[in-house]
Amino acid sequence: MESEDDMHDANDIESLDDFYSGETEDAPLDYYSDYDDDADDYFDEADRIESRRPEQNFTILKESDIQQRQEDDVARVATVLSISRVFASILLRYHNWSVSRVHDAWFADEEGVRKAVGLLEKPIVQHDNTRELTCGICFENYPRARIEMASCGHPYCISCWEGYISTSISDGPGCLMLRCPDPTCGAAVGQDMLSLLKSDEDKQKYTRYLLRSYIEDNKKSKWCPAPGCEYAVTFDVGSGGNYDVSCLCSYSFCWNCTEEAHRPVDCGTVAKWILKNSAESENMNWILANSKPCPKCKRPIEKNQGCMHMTCTPPCKFEFCWLCLGQWSEHGERTGGFYACNRYEAAKQEGVYDDTERRREMAKNSLERYTHYYERWASNQSSRQKALADLQQMQTVHIEKLSDIQCQPESQLKFITEAWLQIIECRRVLKWTYAYGFYLPEHEHAKKQFFEYLQGEAESGLERLHQCAEKELQPFLCADDPSREFNDFRTKLAGLTSVTRNYFENLVRALENGLCDVDSNGASFSKATSSKNGAGSSKGKSGRVKATFRTSSMSSRMNDDSHWCCEHCTYANVRSAITCQMCYQQRR
């Protein structure tokens, strides 16, 4: 007869299966009451989101995969055109490894292709039954066995061929399109001549160049830009607007610009943001905002103490007033003392300093605004790096330890790894939303306020997930025996992961569409400024944000019987949805 604990474990496993299949009926998800209170709604919505995700439009290639594809393309061209594999390889290299381009060019003008590439049908120089030939480089006579020729028939001794090919390989990838040493001859030199090389190092270099050319010359493939990674990626450009690629080395990058993956920000914005982070413009803004030029030598001076009495550095040593830049010997108690300047105040009222102060104030505001966004961008980047380290620690140490403590197989602890992967992805998205916000036009007030609200909700939800995965897991790692509360933790963490994924996917889509539903000239929608309890009652006051939605699309959807409009964020949801797909508030 089974013990009570065994029966409990069996029930736990059964409920776990139901959990992963999305059939949990009574999952306690009050912890995420801002978004929903019903577990079924979470999993149903997650399934719908999953079904809407585009198929992977890229393929990761290892070195063996690249070699196999290269050999297959060479064999295909050689078979179709009835030429040798050496000639087929030369043709493919000339046409950037595009089989279709080779076929089109060959069947359109075979003679022109042969002439351009250097594939001769007949030798230029004929040699009858001559026993000895003269090398065209060293001009020594050699027996026929020590003479080699390309398709043109120009004779060169094996030593000269070896030196010629070895020098070309040392010069770089240009050796892949090597031609006959004769200056007047354009005959191609193929891979078969590599057998003349004695150096294994040169042969390996040539093979490496050939392999890399298959990726670098092909418009549909690129190397992963991560340092030290040797994987390549092929991409189906026509499969949609998502250019994100995730390599097997765990690095994600944008196919279009090869920078780090940056959805929902476009490549142009990323380029501007990276340039701004590294440009001297912000240094000049800082100098303009925090320093003034010495009236005598014009060098910029930063005020680092409270007194207005400034002394320029040697050899200038000019003493002046920080406020009005006048000579200090003309100042004293009669001009306002050491911490004020009546002359400056009077001149400012007369408009003398308006332009200078306006420029300084603009520079200061610009610098403060940039600092605000950059610090948060860098903070999320730092948090993401920490999450990557935590994930590595989790996969190598903690999962095995937790499996032993809780007496559960590691396969049933995948929900923890999935949570950390989601945290890493969300940190990346949240990081780039700050670059998005920096370049959002200032005059579009409604759009900016709505964006900041969505960004704040995303940050709040991500912090809950991160807190749960980082802090609430610790007691179970430190426990000595299995805990019945672990299954509640499983449900909570998996639910948070699902909800956060859903919200961030909607956020990315909204930002990629440019928040197109918001117009700065119209009615208003309400924005909650505080969280709600499990019953949905507000714990604080709500604010109002002025905005209008496009009537052409939104009003028709709101009046449609198949949709309902959320009172919280005005998002148009399908009629069957119990919670809003954008803000996760329950339908009223």
Spell out, as yes or no, whether a donor-acceptor pair under 3.5 Å connects the side chain of [X] to the backbone of [Y].
| X | Y | answer |
| --- | --- | --- |
| K447 | G514 | yes |
| D65 | K62 | yes |
| S403 | I399 | no |
| T269 | V265 | no |
| S460 | G456 | no |
| S483 | A479 | no |
| N96 | S98 | no |
| N513 | L515 | no |
| T433 | L430 | yes |

Point to revise | Among K220, K219, R212, the one residue meeting salt bridge (charged side-chain N to carboxylate O under 4.0 Å, His left out) with E216 | key: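 Going through K220, K219, R212 one by one, the salt bridge (charged side-chain N to carboxylate O under 4.0 Å, His left out) with E216 is satisfied by R212 alone.
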Quick one: are [X] and [Y] in side-chain contact, heavy atoms under 4.5 Å?
| X | Y | answer |
| --- | --- | --- |
| W97 | V74 | yes |
| P173 | S213 | no |
| V429 | P264 | yes |
| W273 | W377 | yes |
| V233 | K222 | no |
| R428 | D244 | yes |

Practice item. Find out whether the Lys NZ or Arg CZ of R369 is both under 6.0 angstrom from the six-membered ring centre of F438 and within 45° of the ring's axis. Key: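 Yes, cation above the ring, under 6.0 Å and within 45°.
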Exercise for review: Is it possible for you to check whether K272 lies under 6.0 Å from the centre of the six-membered ring of Y439, through NZ or CZ, and within 45° of that ring's axis?
Suggested key: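 Yes, K272 and Y439 form such a contact.
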Point to revise | Intermediate values then yes/no, side-chain contact (heavy atoms from CB on, under 4.5 Å), E472 and L493 | key: CA-CA 9 Å; E472 297 182 28; L493 184 60; over 6 Å; no
For the atom pair [atom1] ([X]) and [atom2] ([Y]), what is the distance rounded to the nearest 0.5 Å?
| X | Y | atom1 | atom2 | answer |
| --- | --- | --- | --- | --- |
| I215 | L61 | CD1 | CG | 5.5 Å |
| I274 | H262 | CD1 | NE2 | 8.0 Å |
| Q381 | Y434 | CD | OH | 14.0 Å |
| L507 | Q455 | CG | CD | 8.0 Å |
| M394 | L421 | CE | CG | 11.0 Å |
| N218 | R69 | CG | CZ | 9.5 Å |

Check your understanding: Looking at residues at least two apart in the chain, or sitting in another chain, which of them share a side chain to side chain donor-acceptor pair (under 3.5 Å) with Q393?
Key ->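 In terms of side chain to side chain donor-acceptor pair (under 3.5 Å), with neighbours along the sequence ignored, Q393 is linked to no residue.
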Exercise for review: Apply side chain to side chain donor-acceptor pair (under 3.5 Å) to Q70 and list each qualifying residue two or more places apart in sequence or on a separate chain.
Suggested key: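 Testing Q70 for side chain to side chain donor-acceptor pair (under 3.5 Å), a comparison that skips the adjacent residues, returns none.
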Check your understanding: Strictly by modelled atom types, are Q408 and R490 linked by a side-chain donor-acceptor pair under 3.5 Å?
Key ->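 Distance-only check passes for Q408 and R490.
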Residues [X] and [Y] bridged, charged N to O under 4.0 Å:
| X | Y | value |
| --- | --- | --- |
| D73 | R76 | yes |
| D390 | K386 | yes |
| E463 | R427 | yes |

Review point. Can you list every pair that meets ring-ring contact (aromatic ring centres under 6.0 Å, His included) and has a residue in residues 457-478, with sequence neighbours left out?
Key: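 Found W420-H466, F476-F486, F476-F489.
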**Study point:** Pair K414-E418, salt bridge (Lys or Arg N to Asp or Glu O under 4.0 Å): steps then yes or no
**Key:** CA-CA 6 Å; K414 287 197 302 182; E418 291 170 0; 5.0 Å; no
**Study point:** Pairs meeting criterion side-chain hydrogen bond (donor to acceptor under 3.5 Å, both in side chains) with involvement of residues 246-260, two or more places apart
**Key:**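 The answer is S246-S252, E260-K431, E260-W432.
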Exercise for review: List for me each residue that meets salt bridge (charged side-chain N to carboxylate O under 4.0 Å, His left out) alongside E410, sequence neighbours excluded, and say none if there are none.
Suggested key: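 Salt bridge (charged side-chain N to carboxylate O under 4.0 Å, His left out) list for E410, sorted by chain: empty.
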Practice item. Would you please test F235 and V245 for side-chain contact (heavy atoms from CB on, under 4.5 Å) and show each step? Key: CA-CA 9 Å; F235 191 86; V245 173; 3.9 Å; yes
Point to revise | Step-by-step side-chain contact (heavy atoms from CB on, under 4.5 Å) determination, I423 to T500 | key: CA-CA 9 Å; I423 290 168; T500 306; over 6 Å; no
**Study point:** Partners passing side-chain contact (heavy atoms from CB on, under 4.5 Å) against L388 (at least two apart in sequence or in another chain)
**Key:**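 If we apply the side-chain contact (heavy atoms from CB on, under 4.5 Å) test to L388, skipping adjacent residues, the hits are R384, Q385, I424.
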Review point. Under the salt bridge (Lys or Arg N to Asp or Glu O under 4.0 Å) criterion, do E512 and R509 qualify, and how do the steps go?
Key: CA-CA 5 Å; E512 285 181 333; R509 279 193 292 271; over 6 Å; no
Point to revise | Step-by-step side-chain contact (heavy atoms from CB on, under 4.5 Å) determination, D480 to I405 | key: CA-CA 6 Å; D480 296 325; I405 295 173; over 6 Å; no
Point to revise | Q395 CD: over 12 foreign heavy atoms closer than 6.0 Å | key: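 Enclosed.
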Review point. What about the rings of Y436 and F451, do their centers lie closer together than 6.0 Å?
Key: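 Yes.
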